[in-house]
S.K.: 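Sharing a structure, written as structure tokens. Questions coming.
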Amino acid sequence: MKFDNHIRRSGPAMLGAAMLAFSVNPVSAEDITVTSFGGIWETAIKDCFASEFEKRTGSKANVLIGSPAQWMSQIEANPDNPPIDVIVTTQSQTMAAGEGGLISRATAKEVPNLADVDPIFIKAVDGWGACFDFGAFILAYNKDTIKNPPKSIKEFVDRTIKGDWMATMPSVSYAIAPDIIWSFADLYGGSADNVDPAFAVFKQLKDSGNMISWSSVTDFLNQMSTGDADIGMYWDGRAYAFIDKGNDWMGVIKPTDKAFMSCVAMNKAKGAPDAAWDYLNIVFEPGPQACFSDHLKYGVTNQKVQYSEEMKNRVTWPKDLRAPNVSTSRKIAQNAADWIERWNKEIGF
Amino acid sequence: MTDQVRRGTSRGFSGVVSPWWIAVTALFLVVFFVIPIINNLLNTDQLVTLAKQRPASFYYEKLFTDPYYLGIVADTVTLSVGVTVICIIIGYPVALFLVRHAGRWSGLVIFLLIAPLLTSIIMRTFGWRVLFARRGLLNDFLLWIDAIEKPILFLNGPTSAVIGLVHVLVPFMVLSIASVLRSIDLQLEESARILGASRFKTFLKVTFPLSLDGIGTGFIIVFLLANGSFVTLLLLGGGELKTLPLLIYQQFTISRDFQFAAAMSNVLLAIAVGCLYLQLRLIKRKGVKG
Amino acid sequence: MSSNNNTDRQSLELVLRGISKRFGDVVALEPSDLVVKPGVLLSLLGPSGCGKTTTLRVIAGFEAADTGSVLIGGKDVTLLPPNKRGLGMVFQNYSLFPHMTVADNVAFGLRMEKASEQEIKRRVGEMLDLVQLPGVEKRFPNQLSGGQQQRIALARSLVTNPSVLLLDEPLGALDKNLRETMQFELRRIQNTLGITTILVTHDQEEALTLSDQVVVMDQGRFQQIGTPSEVYESPETRFVSEFLGTSNLLSGDISAPTDSDDRKVTLQYGEVKTVIESPGAPSIPAGPATIAIRPEKIVLSKRSPEMRNVLQGIVKGHVFRGSYHAYEISVAGRDDPIFVYDQAGERSTDAVHPIGSGVYLTWKRENSVVLRD
Amino acid sequence: MLIYVVLFFIFLLGPIFIVVSISFTETEFVAFPPQGFSWKWYQRFFEYEPFIDSFIVSVELAIATALLAVALGVPAALAVTRGRVPYANTIMTFLLSPLSMPLIVVGFALLFYLSALGLGVSFVSLLIAHTVISLPYVVRTVAGVYRGISPDYEESAAVLGANRMQIFWYVTLPMIKPGIFAGMLFAMLISIDNLPISFFFGSADTNTLPVVMLSYLEHQFDPSVAAASSIQLIVAIIGLFIVERIYGLDAMAPAS
């Protein structure tokens with residue numbers, strides 16, 4: 001071996017400065033970055049909102065996949081030049097983002113279509129824009145193993161404790177756990193100030209050994225598919241979408257004692273350009289909303305939306321939903337940490 | 001100048017490396033690790049949240065006096081130590097095999113060890129879920145051989161979480177132990193055998209003590225990784241098994257109580273750094289040979 | 001000495017002046033002086049931890065001495081780094097670079113000097129011839145035996161014509177037979193090149209065989225400096241006499257110095273009082289003292305010889321060791337036995353003095369030496 | 001012994017095997033054992049832009065991270081091992097300390113900090129964050145290898161007239177090369193599988209594969225995620241083979 005060869009061979013290991021070659025592609029001023037959850041959510045946002053925005057304005061709407069906690073932190077870290085222009089958030093996150101100064105308050109002036117949105121979906125986020133879609137917690141069950149499904153949440157609870165089936169419910173690690181805790185409290189006679197009734201129920205469910213939990217929407221489908229659970233509380237849109245994919249064995253029951261409701265809001269980040277308003281107006285427009293509903297099988301919030309025949313039967317109408325009012329929502333957000341701590345201590349899954 | 005005392009002014013030959021070589025790296029870590037962490041801990045009360053605002057002492061008091069949180073801290077340490085010990089026990093023979101018996105296959109063995117690390121943690125965990133499910137392979141098998149009458153709930157408990165963690169971390173342990181075993185002079189073992197020690201005794205009295213250094217290194221890595229992990233716990237433990245990292249994750253994503261998260265991070269960091277320092281001292285004492 | 005080379009360095013004198021070194025609270029080397037004449041092979045001999053390696057590392061420049069200076073050929077190199085001192089060094093484990101061929105290893109020093117490739121090729125060939133390993137250029141160190149590696153290490157250290165060669169236990173890793181062969185080899189090469197050489201060893205036989213001069217070290221101190229026969233025959237301290245082979249130590253009382261070189265030492269064993277004459281340094285004060293006598297210097301006889309230094313004893317043990325008989329003799333009133341090596345006569349494996357017989361022990365006065373404790 | 005080792009590897013590779021086999025199922029949902037055989041989920045991977053884009057980002061990031069971590073980690077590892085550095089123990093602890101911090105905390109803290117520095121949500125930010133957490137692996141591996149190499153080699157070179165840079169370049173570097181490769185490999189593994197940090201720095205241009213996979217998985221669970229996982233595995237295996245070719249995987253467990 002020549003000495004020089006040896007020198008050459010040891011060379012490349014040290015050169016590490018190539019890193020600066022990679023950098024962010026600059027986005028033109030007109031383009032905006034909007035957000036979405038992954039999978040079919042992303043498809044729906046792209047097909048119904050982003051492409052419509054691009055068609056009308058000629059600018060691009062980049063769709064970013066991720067989660068609200070991540071986006072809020074990103075906006076908060078870069079208040080003057082947020083990497084995100086339109087953020088998707090849950091109810092309590094929307095209020096936190098609004099009061100924390102991360103988002104601009106949208107009214108019918110900036111987003112004309114907000115005028116047609118059912119007011120309960122504006123109140124649900126204390127007027128920080130509005131929810132654009134909503135989900136109801138129905139009971140999804142395995143038709144093969146459960147011939148006589150429960151009619152209501154209370155019946156579901158009782159028969160789970162009795163041991164009629166293996167049941168599953170959202171875990172404390174799921175983003176809207178605090179809302180679910182309040183809903184149970186409300187159902188069993190408590191309130192945002194008194195969640196003891198809810199915890200009494202959770203305790204019984206836990207002790208029965210017949211209840212497990214799911215921590216993501218697909219987690220639930222796995223549990224149902226693998227047989228870990230026979231029945232569970234689940235999002236209506238998700239259940240319908242799953243059934244439509246050929247899973248006839250899954251059945252859905254709208255509980256008679258009001259399904260728990262949760263909705264998703266969309267807002268403009270404070271430092272974002274005005275093009276974001278145009279995008280939001282599309283999001284709240286009847287046509288794109290119907291498109292979204294078709295994709296995700298969820299209810300949407302513009303009252304002028306023409307649902308497909310199928311969706312008309314499926315959507316749980318606002319009057320059948322158990323939803324917190326504004327002051328309750330705030331209390332939920334404030335008490336979330338304490339409730340979760342209590343859940344950790346007393347229930348544990 | 002003959003008798004002039006020169007101590008301290010000239011240090012002789014200190015090898016190729018200058019102590020200054022640490023400076024850039026240390027500066028990088030200070031700028032991009034230490035300062036951000038400190039900065040973060042000091043400013044958590046200004047973050048956007050609807051959670052109740054309380055003084056930091058409230059959280060520390062809770063962590064150190066509330067039996068529940070003391071339990072969490074204890075569970076965190078127990079889990080990390082437990083997983084580490086299991087990794088040592090099941091990984092040691094593999095390391096021994098790799099160094100002593102694999103011969104020219106050692107490349108393949110190492111490859112197989114690393115392969116699991118190349119897939120996404122999400123999918124690795126998912127593989128376990130399929131195996132452990134109530135109607136999964138494992139239960140089917142146990143039912144088939146009549147070992148059980150009704151499916152066992154493996155998932156969403158400490159068992160599956162520990163198995164998942166061991167699965168992810170045991171390769172690090174094997175590699176750490178193997179690198180030390182490799183440096184042990186075979187003659188030492190041979191002379192012990194010639195002196196009449198049984199195979200087992202030789203292992204116990206010669207090989208094992210000499211390999212403690214590798215176990216120490218493996219212990220650090222596995223302990224620290226276990227100590228900070230939450231994805232496996234989240235996906236396999238079903239929240240049944242609560243540790244500090246998992247609670248921190250909860251605070252970030254659900255209740256947005258950043259102050260509590262910061263307090264828990266500090267406790268976790270203190271545990272980890274304390275353990276790390278202890279281990280390094282131990283290694284230093286045991287491994288000063290040449 | 002190869003003189004047809006412009007990189008030749010003359011064989012130079014090495015001087016240590018008041019060198020000392022401490023590591024924390026541990027004194028590795030007391031202030032010491034040493035002069036090594038050009039072309040001399042000097043051994044630093046002593047047990048491990050005696051400071052011999054520290055001394056070598058100070059000469060090489062790996063350790064900075066706390067005090068004193070190092071002079072090579074009259075030039076003060078104390079503050080020069082190792083690569084500027086023009087030395088050659090062979091380490092105990094050879095430390096051949098495993099990722100380089102033999103040729104690249106040997107050529108390393110020349111490449112650092114930016115010698116031409118032609119020159120390098122010629123010098124490497126010369127060196128491999130010198131160490132009697134021609135033709136191994138393309139091999140890697142791990143393809144060579146221990147002895148071969150040793151030779152290559154030597155070739156590598158000599159290729160730049162260093163002014164001083166440092167050898168740190170160079171033969172320690174070899175087995176006994178190979179070690180003896182290499183001792184001769186080393187001496188041959190050193191003689192051929194006439195290079196000033198410092199050898200660190202803990203093997204007294206090696207030191208005595210190889211060196212022109214031996215420095216016996218203990219506890220960071222140069223205990224004695226001299227030719228091999230000087231330090232062997234006339235040890236000055238108890239340590240030197242004990243470290244270099246077997247010695248009988250007799251303790252007694254020394255008289256004050258007189259005009260002559262001789263000192264009178266009174267040995268008192270039980271009732272018996274014997275006066276011994278021995279040469280001793282005038283600096284040794286009167287009082288308790290020890291004298292040392294090598295076992296092979298004692299003559300045994302059945303009848304009282306007509307000499308001055310005579311002790312009486314009884315044979316307690318006997319071993320035949322091929323070239324000599326070893327006796328263990330007890331002297332009344334003395335706890336330790338005295339060892340005597342008696343040259344074996346022709347075909348005699350039997351002891352001349354059977355166990356239990358009484359004998360007289362005697363030696364020439366110049367064969368004993370009074371020691372400093 | 002052999003039986004034990006075989007069982008061990010069944011344990012280790014079992015879940016991987018399941019994932020890979022699921023990626024070939026014909027069914028719309030994740031099923032094991034897989035039903036039928038089909039490439040359609042691989043097709044889906046290549047058609048679904050976020051998968052491909054994030055995959056490229058992940059690979060670029062892993063390589064850049066490995067290089068930067070080596071450039072920063074190797075000198076520090078050498079100095080701490082044999083540089084007569086005061087408080088070497090404490091400094092080593094410090095260098096390894098990013099290991100001990102929950103990654104989610106590191107990610108969160110760095111997001112705010114780097115944004116304040118003006119780096120924001122960018123590839124450079126991601127690179128810095130990933131380097132911070134990969135550094136300990138490089139330091140540890142290189143220090144392990146270096147500790148096992150006798151100082152005699154460097155001293156030999158010094159006596160032979162080499163200055164510091166020459167010793168480093170001709171002697172030290174070639175001898176620690178196995179450790180550098182192993183460190184780089186570790187750094188890449190850590191980077192490519194990282195979720196808790198990448199999560200905070202996700203943007204349309206900087207989402208990494210795990211971030212996209214998690215988001216996809218949470219909202220639409222079909223076998224394409226298994227296909228994405230398998231592709232990641234294949235690319236990583238190719239990388240491993242390259243390393244094996246250059247240096248041999250034994251470097252992952254250097255004799256120390």
Side-chain angles (χ1 to χ4, degrees), chain C residues 7 9 23 53 56-57 59-64 77 80-100 104-115 140-141 149 152-170 173 198, chain D residues 70 74 78-79 81-90 141-142 144-184 243-251 253-256:
Chain C
T7 58
R9 288 194 183 93
F23 294 109
T53 301
L56 195 74
R57 292 176 65 79
I59 297 172
F62 295 141
E63 307 288 351
V77 298
L80 286 182
N83 55 326
K84 298 273 166 60
R85 294 192 180 196
L87 303 170
M89 184 163 177
V90 175
F91 290 77
Q92 184 169 13
N93 292 310
Y94 325 131
S95 65
L96 293 174
F97 306 129
H99 54 285
M100 294 183 198
D104 284 335
N105 262 287
V106 176
F108 191 89
L110 295 174
R111 289 216 161 92
M112 293 305 113
E113 289 177 356
K114 303 223 161 28
F140 281 89
Q149 290 185 34
I152 299 301
L154 194 59
R156 183 177 68 176
S157 66
L158 290 171
V159 77
T160 50
N161 287 317
S163 47
V164 175
L165 176 63
L166 306 175
L167 305 168
D168 186 4
E169 307 250 7
I198 311 286
Chain D
V70 162
V74 170
L78 299 188
T81 312
R82 204 176 287 156
R84 299 197 183 176
V85 181
Y87 306 108
N89 243 0
T90 315
T141 324
V142 173
V145 172
Y146 192 50
R147 213 175 348 180
I149 296 172
S150 162
D152 289 357
Y153 294 105
E154 290 165 354
E155 292 183 353
S156 296
V159 176
L160 289 167
N163 63 29
R164 267 186 187 195
M165 253 355 263
Q166 288 170 319
I167 298 174
F168 178 73
W169 197 248
Y170 297 131
V171 177
T172 313
L173 196 60
M175 293 188 78
I176 59 168
K177 216 155 58 174
I180 294 180
F181 272 111
M184 278 177 78
V243 172
E244 162 77 24
R245 269 293 140 101
I246 298 177
Y247 217 96
L249 283 177
D250 275 8
S256 62

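Reminder, nothing fancy here: chain letters follow the sequence lines and each chain counts from 1. Excluded from the calculations below are hydrogen atoms, water molecules and symmetry mates; all remaining heavy atoms, backbone and side chain alike, are included.
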S.K.: How about C/Phe108 and D/Ser156: do any of their side-chain heavy atoms sit closer than 4.5 Å?
M.R.: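 Heavy-atom side-chain distance check fails, nothing below 4.5 Å.
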S.K.: For the residue pair D/Ala158 and C/Phe62, what are the closest heavy atoms and their distance?
M.R.: CB-CE2, 4.3 Å
S.K.: Is any side-chain heavy atom of C/Met89 closer than 4.5 Å to a side-chain heavy atom of D/Glu155?
M.R.: no
S.K.: Please flag which part of C/Leu96 lies under 4.5 Å from any non-hydrogen atom of chain D: side chain, backbone, both or neither.
M.R.: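 Contact with chain D involves the backbone of C/Leu96 alone.
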S.K.: Compare every heavy atom of D/Asn163 with every heavy atom of C/Asn83, then report the nearest pair and how far apart it is.
M.R.: ND2-CA, 3.3 Å
S.K.: Looking at C/His99 and D/Tyr170, what are the two nearest heavy atoms and their distance?
M.R.: NE2-O, 2.9 Å
